[in-house]
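Okay, structure first, notes after.
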Amino acid sequence: MNDKMLFRVYITAVLIGCCLLISGCAFPRIIFLDDKLLPEEHIALGVAYEQKGQFEYAIKEYESAAKKTSSAYFYLGNAYFRNNNFDRAEKYYRKSIKAQPEHADSYNNLAWLYYIKRENLTEAESLAEKAIEFNPEKKAVYSDTLEKIRGLR
């Protein structure tokens with residue numbers, strides 16, 4: 001390239017830059033969008049995905065919700081359980097119990113997980129009993145879990 005062509009390229013670049021500045025435009029840049037959904041909305045989306053058997057998408061939604069609310073741990077436990085990832089399900093049921101010590105469904109579901117795996121049956125029995133204690137209105141559901149566990153012992 002000769003000096004005359006370099007000068008033209010330079011002038012063109014300067015003119016484009018000036019036009020962009022004057023018009024309020026800027027050079028392209030990466031824009032990060034904030035998550036505008038509430039945790040409850042992520043959970044609702046997760047439930048919808050889970051009902052369709054799309055567990056990967058459900059888990060992503062629950063993980064997004066878990067950044068803002070611990071109630072999502074229960075849903076993560078359920079999604080992993082339904083996807084036969086029992087180790088991760090156990091992890092999230094335990095996190096749910098730790099974050100919400102009186103959330104009866106978390107106790108019941110962890111008890112059911114142990115029933116399915118045929119392990120920790122003494123703990124499973126105790127978990128089902130706590131579920132009944134924390135939510136007597138669902139005693140029939142939790143008692144079914146408890147009876148099945150006791151049937152294995």
Side-chain angles (χ1 to χ4, degrees), residues 12-13 16-153:
T12 303
I16 291 172
C18 289
C19 289
L20 289 172
L21 288 173
I22 292 170
S23 68
C25 293
F27 287 104
R29 59 190 165 125
I30 297 173
I31 298 172
F32 295 96
L33 300 176
D34 291 331
D35 183 1
K36 300 293 183 192
L37 295 180
L38 297 172
E40 296 79 14
E41 293 169 321
H42 280 292
I43 290 171
L45 279 171
V47 169
Y49 283 129
E50 201 173 337
Q51 288 173 345
K52 292 182 175 185
Q54 297 174 329
F55 299 109
E56 291 178 31
Y57 293 120
I59 288 167
K60 286 181 184 180
E61 291 301 328
Y62 297 145
E63 286 173 344
S64 293
K67 293 174 186 173
K68 298 176 184 176
T69 181
S70 60
S71 65
Y73 296 147
F74 173 72
Y75 293 94
L76 278 162
N78 288 344
Y80 281 117
F81 183 89
R82 291 186 66 201
N83 205 26
N84 295 318
N85 189 333
F86 297 138
D87 291 339
R88 297 217 72 188
E90 179 181 3
K91 171 187 169 183
Y92 282 104
Y93 287 141
R94 290 204 174 278
K95 284 182 89 164
S96 178
I97 289 168
K98 185 176 181 181
Q100 301 175 42
E102 294 184 9
H103 189 254
D105 287 343
S106 295
Y107 288 92
N108 182 73
N109 290 13
L110 183 55
W112 186 256
L113 183 144
Y114 289 146
Y115 168 76
I116 295 297
K117 290 176 69 175
R118 306 293 198 257
E119 66 181 32
N120 301 336
L121 296 178
T122 302
E123 183 182 359
E125 186 174 346
S126 175
L127 290 164
E129 289 169 346
K130 284 183 183 179
I132 294 168
E133 176 187 332
F134 290 134
N135 190 354
E137 292 177 13
K138 289 178 108 176
K139 182 177 180 177
V141 173
Y142 303 148
S143 291
D144 182 63
T145 301
L146 183 59
E147 289 175 26
K148 287 191 179 353
I149 292 165
R150 286 180 176 161
L152 292 178
R153 299 187 77 213

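All values derive from a computational prediction rather than experimental measurement.
For the pair Trp112 and Lys148, the minimum side-chain heavy-atom distance is below 4.5 Å. When side chains are defined from C-beta on, Asp105 does not count as touching Asn78, because their heavy atoms never get closer than 4.5 Å. Counting heavy atoms from C-beta outward, Phe74 and Asn109 have side chains that approach closer than 4.5 Å. Contact check for Tyr93 versus Glu90: no side-chain heavy atoms found under the 4.5 Å cut-off. In this structure, the side chains of Lys139 and Leu146 stay at 4.5 Å or more apart for every pair of heavy atoms. When side chains are defined from C-beta on, Glu61 does not count as touching Ile43, because their heavy atoms never get closer than 4.5 Å.
Contact record, Glu41 with Lys36: OE1-O, 4.2 Å, taken as the closest heavy-atom pair. Closest of all the heavy-atom pairs between Ala89 and Gly77 is CB-O, 3.4 Å. Between Ser71 and Gln100, the closest heavy-atom pair is CA-NE2, 2.9 Å. Tyr114 and Ala124 make their closest contact through CB-CB, 3.7 Å (heavy atoms, listed as atom of the first residue, atom of the second, distance). When all heavy atoms of Ala66 and Ala72 are compared, the closest pair comes out as N-CB, 3.5 Å.
Look at Lys138 and Asp144 and you find no salt bridge, because none of the NZ, NE, NH1 or NH2 atoms lies under 4.0 Å from a carboxylate O.
Here CG of Leu113 is found 10.0 Å from CG of Leu127. Values are rounded to the nearest 0.5 Å. Taken from CD in Glu102 to OH in Tyr107, the straight-line distance is 7.5 Å, to the nearest 0.5 Å. Separation of atoms CD (Glu40) and OG1 (Thr69) is listed at 6.5 Å; rounding is to 0.5 Å. Rounding to the nearest 0.5 Å places CG of Leu37 at 6.5 Å from CG of Leu45. Atom CG in Leu121 sits 5.5 Å away from atom CG in Leu152 (nearest 0.5 Å). Rounded to the nearest 0.5 angstrom, Glu63 CD and Tyr92 OH are separated by 5.5 Å.
Take Ser106 and apply the side chain to side chain donor-acceptor pair (under 3.5 Å) test, not counting sequence neighbours, and it matches Ser96, His103. Tyr75 is linked by a ring-ring contact (aromatic ring centres under 6.0 Å, His included) to Tyr62, counting only residues two or more places apart in sequence or in another chain. Scanning for side-chain contact (heavy atoms from CB on, under 4.5 Å) contacts around Arg82 gives Glu50, Phe55, with sequence neighbours left out.
No more than 12 heavy atoms of other residues, nucleotides or ligands lie within 6.0 Å of NZ in Lys98, so this atom counts as exposed by the packing criterion. Residue-environment remark: CZ (Phe134) exceeds the threshold of 12 foreign heavy atoms within 6.0 Å. Atom NZ of Lys68 has more than 12 neighbouring heavy atoms from other residues, nucleotides or ligands inside a 6.0 Å radius.
When atom types are taken as modelled, the side chain of Ser126 and the backbone of Thr122 share no donor-acceptor pair closer than 3.5 angstrom. In this structure a side-chain-to-backbone donor-acceptor pair under 3.5 Å is missing from Asn120 to Glu123.
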Practice problem: Please report the C-alpha distance between Phe86 and Tyr80 in whole Å, then the side-chain angles of each, then the deciding distance to 0.1 Å, and finally whether the ring pair (Phe, Tyr, Trp, His ring centres under 6.0 Å) criterion is met. | Solution: CA-CA 7 Å; Phe86 297 138; Tyr80 281 117; over 10 Å; no

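Cation-pi check for Arg118 over Tyr115 is met; the charged atom lies under 6.0 angstrom from the ring centroid and within 45 degrees of its normal.
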